[in-house]
Amino acid sequence: GVWRQTRALLFKNCLIKCRTKKSSVQEVLFPLFFLFWLILMSMMHPHRKYDEVANTNLGPLDASMLVNFVIGYTPPTRMAREIMKKVAFDNFEDDIVTEEYLSEEELQEASAFKPSTFVGVVFKDDMSYQLRFPDSIAMSSIYMESR
């Protein structure tokens, strides 16, 4: 039954490997050659390890750049309001104006009529967002999906 067929198949494969020695050797040596090549390439370009950077005081933020700065955000959820309140009032006091919009379309319309100091923030969920500048879209650093 099954054992005889398996043994016959193994014997047949051994005969083929013995008769085609050149291709059998290539099947073994090519992967070893490529493995050696990868090891050699990784040794030629080792990973760089950077030392820690000490904490330094970067000085005060130039508030003159933030005069009449407008941040619009959508959707107006409780978490989005808390985040925008922290951004606007806790860090920059009265220099930044925040405006909430009910939809992305309203945010896009507002950005078309606002000055170049307008930035839109579209919250996808509590942890991810998109920044919308007057002429482009910037993704957050944790956003991994393809555009």
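Residues Glu100 and Met84 are not in side-chain contact: their nearest non-hydrogen atoms beyond the backbone lie 4.5 Å or more apart. In this structure, Phe118 and Leu107 have side chains that are in contact, with non-hydrogen atoms separated by less than 4.5 Å. Looking only at side-chain heavy atoms (C-beta outward), Phe123 and Thr77 stay at 4.5 Å or farther from each other. Val70 has its side chain within reach of Glu99: a pair of non-hydrogen atoms, C-beta onward, lies under 4.5 Å apart.
Salt bridge Glu105/Arg132: absent, no basic N to carboxylate O contact under 4.0 Å.
Side-chain atoms of Thr74 do not come within 3.5 Å of backbone N or O of Val122 as any donor-acceptor pair. With hydrogens and angles ignored, the 3.5 Å screen pairs no side-chain donor or acceptor of Thr20 with any backbone N or O of Ser23. Of the possible polar contacts, none joining the Ser128 side chain to the Lys124 backbone as a donor-acceptor pair under 3.5 Å is found.
Taken to the nearest 0.5 Å, the CG atom of Leu40 stands 6.0 Å off from the CE atom of Met44.
Considering every non-hydrogen atom in both Ala110 and Tyr101, the closest pair reads CB-OH, 3.3 Å. Residues Leu102 and Pro76 share a closest heavy-atom pair of CD2-CG, 3.9 Å. Of all the heavy atoms in Ala80 and Pro75, the pair that sits closest is CB-O, 3.5 Å.
Residues near Leu38 contribute nothing to a hydrophobic cluster around it, because no ILVMFWY side-chain heavy atom sits closer than 4.5 Å to its side chain. Other members of the cluster containing Leu10 do not exist, because no ILVMFWY side chain is joined to it at under 4.5 Å. Other members of the cluster containing Met43 are Leu35, Ile39, with ILVMFWY side chains joined at under 4.5 Å, either directly or via other members.
Note on Val25: it clusters hydrophobically with Val28, by side-chain heavy-atom contacts below 4.5 Å among ILVMFWY residues.
Evaluated for a side chain to side chain contact (heavy atoms under 4.5 Å, CB included) with Ile83, the options Arg81, Lys86, Met79 yield exactly one hit, Met79.
A search for salt bridge (Lys or Arg N to Asp or Glu O under 4.0 Å) contacts involving Glu82 returns Arg78, not counting sequence neighbours. Not a single salt bridge (Lys or Arg N to Asp or Glu O under 4.0 Å) links Glu109 to another residue, sequence neighbours left out. Residues satisfying the salt bridge (Lys or Arg N to Asp or Glu O under 4.0 Å) test with Arg7, not counting sequence neighbours, are none.
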